[in-house]
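As structure tokens, the structure follows; a few thoughts come after it.
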Amino acid sequence: MTSPVRLALLGCGTVGAEVVRLLHEQSADLAARVGAPLEIAGIAVRRIGRDRGDLPVDPALFTTDALGLIKRDDVDVVVEVVGGIEPARGWLVEALRAGKSVVTANKALLAEDGGALHDAAAEGGGDLYYEASVAGAIPLLRPLRESLHGDRITRVTGIVNGTTNFILSAMHATGAGFAEALEEATELGYAEADPTADVEGFDAAAKAAILASLAFHTRVAAADVHREGITEVTAADVASAKAMGCTIKLLCIAARGADGQGREAVSVRVHPAMIPVTHPLASVGDAFNAVFVEAEAAGQLMFYGRGAGGAPTASAVLGDVVAVARNRLAGVRAASESAYADLPVRPMGEALTRYHISLDVADRPGVLEAVAGVFARHDVSIATVRQGPAAGAAGAAGDAVLVIVTHVAPDAALAATVQQLRGLDIVRSVASVLRVEGGL
Ligand code: NDP
Ligand code: HSE
């Protein structure tokens, strides 16, 4: 057998520990698939003395000197499952420039400064693989960066955050409010002690940037992504969606289209949206992820599975380790970053979307005309209008609820319409505004 491919494992937490376990349990199969044994040269952690249970690994392999480990001549592949921007960026740039291959699950770093990693990989001649960074176990990035390279992707729509999907699914199923559903997610171990990155959409925005970069051959960073979280979604919004035959999901949407001057551009956004219960993404419940890809020749493709968790994420990491190890043995590297299209990312105001607007209004002659006039002034076409009696204690006698769904329009025009509606004296309140995706 050929001499081993030696791995430096950076991080041994939720994901890293499962990587160690799988490397141990599957060692014979992995060696047969790679053509050489995979060996752990060392494991960098923050706390050497931490209790790691019955992890099947020699305790002497642990070190707190990640950089020293990376620089060792007997390390071929660096597997980074620590997370965060620094020191991970410095470690990985160092490793790649030195010609080592890197496998990472670090979506935050890839979305913040993926360019620095790709440039370092090109300089050093090693591979940079990051399948686990988006949607955990789901094989998604490899199809985007290899299988679909003969096609033209037009749109990627995904549920890429399990925590928020659990919360929104619970709100839909039980009628609970956001706070109550978050509490349940925390109790069950889905939400972290500080859930900000998930519920405010930062995690999904990082993943959206990675997906858009691969789909459109363009460097897209997290800062380019329009981001809204789910903290403002109310039980009333969910009930309103249900009444329309819809459910609310936190979507990441990356789409190709023309900008204001007719030039090709992309828009990348993360926000809650109503989708019909018949949409393939509507049935994605619990903490699962799913991504819907539309391409000109392939048509519609759906990827579904576990987006998080130690073992599912380690599965994706190990798949990458096998790929880069094989490449090293063959003396080749995978195709480098494809960013040739370099398309501009257009602002959210230019993104084409639809709104569902629920208004508490005075129920008297001329109200509908006044409301419709605001939409017309902003060149926003109304698709449906539904009127009912004012609901609950908030509704006063002589009030009504108007539920309006628009046709597609630039987001800026829709937002300006809502702003002007708020100023009408016949509008008591704008009870809810939600974007609508996937047809109604
Ligand atoms: P954990 O917090 O569970 O583990 C982090 C590991 O990194 C720990 O072993 C910790 O050491 C080590 N570490 C932290 N700081 C340093 C440092 N300065 N030097 C050396 N080691 C350090 O994280 P996860 O395993 O959950 O996540 C790892 C990566 O995988 C992140 O990028 C995350 O975004 C990504 N990811 C995670 C998923 C999941 O479900 N958990 C899903 C998809 C991606 P110690 O053990 O001593 O504390
Ligand atoms: N916090 C993330 C989620 C983990 O809830 O999906 C996977 O990236």
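This is a predicted model, so every value here is computed, not measured. Only heavy atoms go into these numbers, but all of them, side chains included; no hydrogens, no water, no symmetry mates.
- Between E294 atom CD and T157 atom OG1 the span is 5.5 Å, to the nearest 0.5 Å.
- Using a 4.5 Å heavy-atom cutoff, the side chains of M302 and P280 are in contact.
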*Go through D54 and R21 one step at a time and tell me if the salt bridge (Lys or Arg N to Asp or Glu O under 4.0 Å) criterion holds.*
CA-CA 10 Å; D54 59 353; R21 216 176 290 282; 3.6 Å; yes
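- The closest donor-acceptor contact from the side chain of S240 to the backbone of A236 lies at 3.5 Å or more, if one exists at all.
- We find the CZ-OG1 distance between R386 and T384 to be 7.5 Å, quoted to the nearest 0.5 Å.
- Two residues are said to be in side-chain contact when any heavy atoms from C-beta on lie closer than 4.5 Å; E184 and Y190 fail this criterion.
- By the 4.5 Å heavy-atom criterion applied to side chains, Y304 and I138 are not counted as neighbours.
- Under the 4.0 Å criterion applied to side-chain N and carboxylate O atoms, E264 and R256 are assigned as salt-bridge partners.
- For CD of E232, the number of neighbouring non-hydrogen atoms (other residues, nucleotides, ligands) closer than 6.0 Å is 12 at most.
- Partner of R333 under the side chain to side chain contact (heavy atoms under 4.5 Å, CB included) criterion, chosen from L128, N327, D127: D127.
- Closest approach of V317 to V103, counting heavy atoms only: O-CG1, 3.8 Å.
- Not a single donor-acceptor pair under 3.5 Å links the side chain of R269 to the backbone N or O of A208.
- A salt bridge links D74 with R6: the distance from a Lys NZ or Arg NE/NH1/NH2 to an Asp or Glu carboxylate oxygen falls below 4.0 Å.
- Using a 4.5 Å heavy-atom threshold, the side chains of H24 and V20 count as separate.
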*Under the side-chain contact (heavy atoms from CB on, under 4.5 Å) criterion, do N289 and V284 qualify, and how do the steps go?*
CA-CA 7 Å; N289 284 191; V284 177; 5.9 Å; no
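- Proximity of a side-chain donor or acceptor of E18 to a complementary backbone N or O of L22 within less than 3.5 Å is not detected.
- For D286, the CG atom is densely surrounded, since the number of other residues' heavy atoms within 6.0 Å is greater than 12.
- No side-chain donor-acceptor contact under 3.5 Å links T218 and D342.
- A donor-acceptor pair under 3.5 Å is absent between the side-chain atoms of D76 and the main chain of V5, judged by distance alone.
- Here the side chains of L140 and E131 are in contact, with some heavy-atom distance below 4.5 Å.
- The distance from atom CD1 of I48 to atom CG of D65, rounded to the nearest 0.5 Å, is 10.0 Å.
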*For L10 and W91, what are the C-alpha separation, side-chain angles and deciding distance, and is it a side-chain contact (heavy atoms from CB on, under 4.5 Å)?*
CA-CA 9 Å; L10 312 182; W91 294 336; 3.7 Å; yes
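- Here the side chain of R306 pairs no donor or acceptor atom with the backbone of A311 at under 3.5 angstrom.
- Counting only distance, with no hydrogens or angles, the side chain of E180 and the backbone of L182 share no donor-acceptor pair below 3.5 Å.
- The side-chain heavy atoms of L251 and L281, taken from C-beta on, include a pair separated by under 4.5 Å.
- Taking all atoms of both residues into account, the shortest heavy-atom contact from S3 to A36 is O-CB, 3.6 Å.
- In this structure, the side chain of D58 engages the main chain of A60 through a donor-acceptor pair within 3.5 Å.
- For the pair R72 (side chain) and A41 (backbone), a donor-acceptor distance under 3.5 Å is present.
- Within a 6.0 Å radius of CD in E192, other residues, nucleotides and ligands contribute 12 heavy atoms or fewer.
- Residues that satisfy the ring pair (Phe, Tyr, Trp, His ring centres under 6.0 Å) test with H149, not counting sequence neighbours, are H217.
- Closest heavy-atom contact between A88 and N106: CB-ND2, 3.6 Å.
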*Kindly determine whether N165 and K249 satisfy side-chain contact (heavy atoms from CB on, under 4.5 Å), including the steps that lead there.*
CA-CA 7 Å; N165 200 49; K249 296 289 186 190; 3.1 Å; yes
*Any chance you could lay out the side chain to side chain donor-acceptor pair (under 3.5 Å) test for E350 and S267, step after step, and finish with the verdict?*
CA-CA 8 Å; E350 290 177 22; S267 68; over 6 Å; no
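- Between R89 and E94 no salt bridge is recorded (no basic side-chain N to carboxylate O distance below 4.0 Å).
- Annotation: the span from I85 atom CD1 to E112 atom CD amounts to 4.5 Å, rounded to 0.5 Å.
- The minimum heavy-atom distance linking L343 with A265 is given by the pair CB-CA, 4.5 Å.
- In this model, no donor atom of one side chain and acceptor atom of the other lie less than 3.5 Å apart for E296 and T154.
- Relative to the six-membered ring of F202, R227 meets both conditions, a distance below 6.0 Å and an angle of at most 45° to the axis.
- H226 meets the ring pair (Phe, Tyr, Trp, His ring centres under 6.0 Å) test with no other residue; sequence neighbours excluded.
- In this structure, V75 and I70 have side chains that are not in contact, with every pair of non-hydrogen atoms separated by 4.5 Å or more.
- Relative to the six-membered ring of Y129, R145 meets both conditions, a distance below 6.0 Å and an angle of at most 45° to the axis.
- Across all non-hydrogen atoms, the minimal contact from T247 to A282 is CG2-CB, 3.8 Å.
- For the atom pair C246 SG and D237 CG, the distance stands at 12.5 Å (nearest 0.5 Å).
- Sorted by first and then second residue, the side chain to side chain donor-acceptor pair (under 3.5 Å) pairs with a member in residues 195-210 read K107-D203, N161-D198, N161-D203, T163-D198, D194-T196, D203-K207; sequence neighbours excluded.
- Of all the heavy atoms in D320 and Y130, the pair that sits closest is OD2-N, 3.3 Å.
- Atoms CG and OG1, from L67 and T64 in turn, are 12.0 Å apart once rounded to the nearest 0.5 Å.
- Side-chain contact of R328 with S101: a donor-acceptor pair under 3.5 Å is present, judged by distance alone.
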*Report the C-alpha distance between V403 and I357 in whole Å, list the side-chain angles of each, state the deciding distance to 0.1 Å, and finish with yes or no for side-chain contact (heavy atoms from CB on, under 4.5 Å).*
CA-CA 6 Å; V403 178; I357 304 164; over 6 Å; no
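- A heavy-atom distance below 4.5 Å is not found between the side chains of V268 and D224.
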